[in-house]
Amino acid sequence: MTMKSLFSFLFLCSLSSAVFAQQYFTRDAIVRFDATAANSPETIQAVSKSNSCVLTNEGNVEMAVLIKNFQFERALMQEHFNENYMESTKYPKAVFKGKIDNMSAVKLDKDGTYKANVSGAMTIHGVTKNINTPVDLVVKGDKISAKLAFSVQLADYKITIPNLVADKVGKTASIKLEAELVPLKK
Amino acid sequence: MTMKKLLLFALLFCAMGTSTLFAQNKEEGSLLDQLGEEKTTDKVTNGFKSPRVINSHSMEMLAPATMDFRILHRFGRISDGFYNLFGLDNATMRMGFDFGITKNLMAGIGRSTSKKEMDAFVKYRLLWQSEGEKNMPFSLVWVSGVTRNGLKSPFDNAEIPVTFSNRLSYYHAVIIGRKFSDNFTLQLEPTMVHRNIVESQQIPNNLYALGVGGRYKFTKRMALTWDYSYILNSVPGRNSSHNPLSIGLDIETGGHVFQLHFSNAVGMNERAYISDENGNWADGQIQFGFNLSRVFQLKKKSLE
């Protein structure tokens, strides 16, 4: 074996590990939630458009949501959300760590629409719970679009709603996520 | 080194490479760490529950496109005793409308029953306390206001012509405030009040005061607040126990903020509580009062 072939072997080695570690990411995933109680006179909704998410071709997923980034229609709601309900200075981030369960059925290198299921640990307001929810993945070229929707019980995450506002703020929040991931180049 | 050894070394190197990769994937938070820590600046908010401590302006601003409707009540002196139901028989009030214009600019108007006084102010935040990439240890806020005495005969001395400008007074304050923790906020307010007409020649037209306002939040929705102004060149005949001191309780109910307090000051604007004669704390000349604040959103933010 010559020195040259050794180096090409090494090069192939490193290349294969790079392919092995293919990852997709975004910094502007959109998260919306709605915690409006039935018959509430005002809607309790918010949106945040600058959330980070990473997905590997093995199906590992991680996501971080900065609580302070949520924008509400009403400034006072936003203030109460941060101050009283989410305590965003104490718990600045919500994070998710999990995986796509049926990754064998998802071909990230092949255009198409895939029904997948994602499960893992979600931490909100300092409380970690396991969640499990379907996700729609659309692969087009090297881009992956992900869409999912699920609900959480606010009490599960120790978010207490006082009786005084119980007619406006519901006991559950429906959460929607939209993300368009692109390959992470190192 | 023989070729064989070199090959072995290369294989080991590859194996090491993949194993570190594996280790990385298993490590907590490793995936997001690859995106690198994004540098952000975190503005410090809610040092006080409202843009006023009790009487004085606080370091906080109203959000843009909101209006704060404020009703302020001051009852009579508790030392009046049972005949006046410890002051509750008498009340003066101020009604005010404050507007958030930009995130650093607000303005407001109000009218007090005492002296039928109108007042208006502009408040601008020059520096905003923040943490993170841009670290700012305190907020710096400027307030300037004007008041107009609306009484038919505003002056005891009949020789003073009752003109528009003679009815006016001005105040300027700089607020230097810091939210030290979620619970504790403290601010200093050097304040100056200028009155175009004063009661006598011995009384200076300009009064200077140093205010100290603070908050200690003891539950999510309740806080102890205090508001004191040390008047540097006091009106002759008044001593420091006439300096305005208010101690109160902020209660936030969701839509409203109630500020319940005891104070020796009757006035509800800077001109009034700094230049009017306040009760003497030492003699129990204090009154109960409350501020009620209700914030309305004038224009909703689009969530699209």
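Chain naming here is simple, since letters A, B, ... match the order of the sequence lines and numbering starts at 1 in each.
Not one N or O on the side chain of A:R74 forms a donor-acceptor pair closer than 3.5 Å with the backbone of B:F296. Of the possible polar contacts, one joining the B:K220 side chain to the A:N84 backbone as a donor-acceptor pair under 3.5 Å is found.
Considering only heavy-atom pairs separated by less than 4.5 Å from chain B, the leading option among A:S52, A:A46, A:P92 is A:S52. When the candidates A:V95, A:L55, A:T89, A:L66 are compared by the number of heavy-atom contacts under 4.5 Å with chain B, A:T89 comes out ahead. Counting heavy-atom pairs closer than 4.5 Å to chain B, the top residue among A:V47, A:V54, A:I30 is A:V54.
Atom CZ of residue B:R294 and atom CG of residue A:L76 lie 8.0 Å apart, to the nearest 0.5 angstrom. In this structure, CG in B:D182 is found 8.0 Å from CD in A:E87, a value given to the nearest 0.5 Å.
For chain B, the nearby parts of A:Q45 are the backbone and the side chain; heavy atoms of each come within less than 4.5 Å. Contact of A:K49 with chain B is made through the side chain alone, with heavy-atom distances under 4.5 Å. Contact of B:E252 with chain A is made through the side chain alone, with heavy-atom distances under 4.5 Å. At a 4.5 Å heavy-atom cutoff, the contact between A:T26 and chain B is made by backbone atoms alone. For chain B, no part of A:M77 is nearby; none of its heavy atoms comes within less than 4.5 Å. The part of B:T66 that comes within reach of chain A is its side chain, from C-beta onward, which places non-hydrogen atoms under 4.5 angstrom from that chain.
Scanning both residues, A:A75 and B:Q297, for their nearest heavy atoms gives N-OE1, 2.7 Å. Closest approach of A:A64 and B:L32 over heavy atoms only: CB-CD1, 3.7 Å. Listed here is the closest heavy atom pair of A:F72 and B:K301: O-CB, 3.4 Å. Of all the heavy atoms in A:T56 and B:L31, the pair that sits closest is CG2-CD2, 3.5 Å.
A salt bridge does not link A:E73 to B:K299: none of the charged side-chain nitrogens sits closer than 4.0 Å to a carboxylate oxygen. A salt bridge links A:K68 to B:D42: at least one charged side-chain nitrogen sits closer than 4.0 Å to a carboxylate oxygen. Under 4.0 Å is where a charged nitrogen must lie from a carboxylate oxygen, and between B:K49 and A:E83 at least one such pair does.
Residue-environment remark: NZ (B:K43) exceeds the threshold of 12 foreign heavy atoms within 6.0 Å. No more than 12 heavy atoms of other residues, nucleotides or ligands lie within 6.0 Å of CG in A:N39, so this atom counts as exposed by the packing criterion.
A heavy-atom distance below 4.5 Å is not found between the side chains of A:N82 and B:T45.
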